[in-house]
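These notes are about the structure you will find just below.
Sequence positions, counted from 1, serve as the residue numbers for this chain.
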Amino acid sequence: MKLTSDEIRILRHSRCLVQKQIADKMGIKKQTYCDLENHGNLQPAALQRVLNALGFTFESARKYLDALPPPPGNIG
């Protein structure tokens, strides 16, 4: 059960939320949430808290992320 920092950020953006809003939902300071989001390799309990605040289960988050189109490649 792992998600990258970018994947956590994508999930947060999918809910149109800023870090402060998630931190408030979790009852923590914004900087603490920022550290969690940027850590990228969260322990399962911490990841579950973040996903709960975002309104995802791990399975629904993975399904959402897997359904996204791949990012555009470098053109050049």
Side-chain angles (χ1 to χ4, degrees):
M1 185 162 101
K2 293 187 180 190
L3 294 175
T4 67
S5 296
D6 288 338
E7 289 173 326
I8 294 168
R9 195 170 297 109
I10 288 166
L11 294 172
R12 178 172 53 80
H13 284 256
S14 77
R15 299 294 198 225
C16 299
L17 297 170
V18 296
Q19 290 179 337
K20 172 87 170 90
Q21 291 170 301
I22 297 301
D24 289 346
K25 284 181 138 192
M26 294 176 68
I28 60 177
K29 294 181 179 182
K30 179 193 174 274
Q31 185 59 50
T32 303
Y33 176 78
C34 183
D35 293 343
L36 286 173
E37 186 175 284
N38 291 324
H39 188 271
N41 194 9
L42 298 175
Q43 295 295 320
L47 177 58
Q48 191 60 54
R49 287 187 66 211
V50 170
L51 291 174
N52 287 344
L54 290 168
F56 284 99
T57 64
F58 180 78
E59 292 77 20
S60 66
R62 179 49 50 209
K63 187 174 182 177
Y64 176 83
L65 292 165
D66 289 347
L68 293 175
N74 290 340
I75 299 174

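I28 is listed as a side-chain neighbour of R49, based on a closest heavy-atom distance under 4.5 Å. Here the side chains of T57 and R62 are not in contact, with every heavy-atom distance at 4.5 Å or above.
Note that NZ of K25 and CG of N52 are 10.0 Å apart. Values are rounded to the nearest 0.5 Å. In this structure, I10 CD1 and E7 CD are separated by 6.5 Å, a value rounded to the nearest 0.5 Å. Once rounded to the nearest 0.5 Å, the distance linking CG of L65 with OG1 of T4 reads 8.0 Å. Residue F56 holds its CZ atom at 12.0 Å from CZ of R12, rounded to the nearest 0.5 Å. For the atom pair CG (L54) and CE (M26), the distance works out to 8.5 Å, reported to the nearest 0.5 Å. Rounded to the nearest 0.5 Å, atoms CG (L51) and CG (L3) are 6.0 Å apart.
Salt-bridge formation is not detected for the pair D66/K63: no Lys NZ or Arg NE/NH1/NH2 atom is positioned less than 4.0 Å from an Asp or Glu carboxylate oxygen.
The salt bridge (Lys or Arg N to Asp or Glu O under 4.0 Å) test applied to K2 returns no partner, not counting sequence neighbours. Scored by the side chain to side chain contact (heavy atoms under 4.5 Å, CB included) test, D35 finds Q31 as partners (sequence neighbours excluded). Contacts of R15 classified as salt bridge (Lys or Arg N to Asp or Glu O under 4.0 Å), with partners at least two apart in sequence or in another chain: none.
L11 and V18 fall into different hydrophobic clusters, where Ile, Leu, Val, Met, Phe, Trp and Tyr residues are linked whenever their side-chain heavy atoms come under 4.5 Å apart, directly or through other members.
E37 contributes no side-chain N or O that, together with a main-chain N or O of C34, makes up a donor-acceptor pair within less than 3.5 Å.
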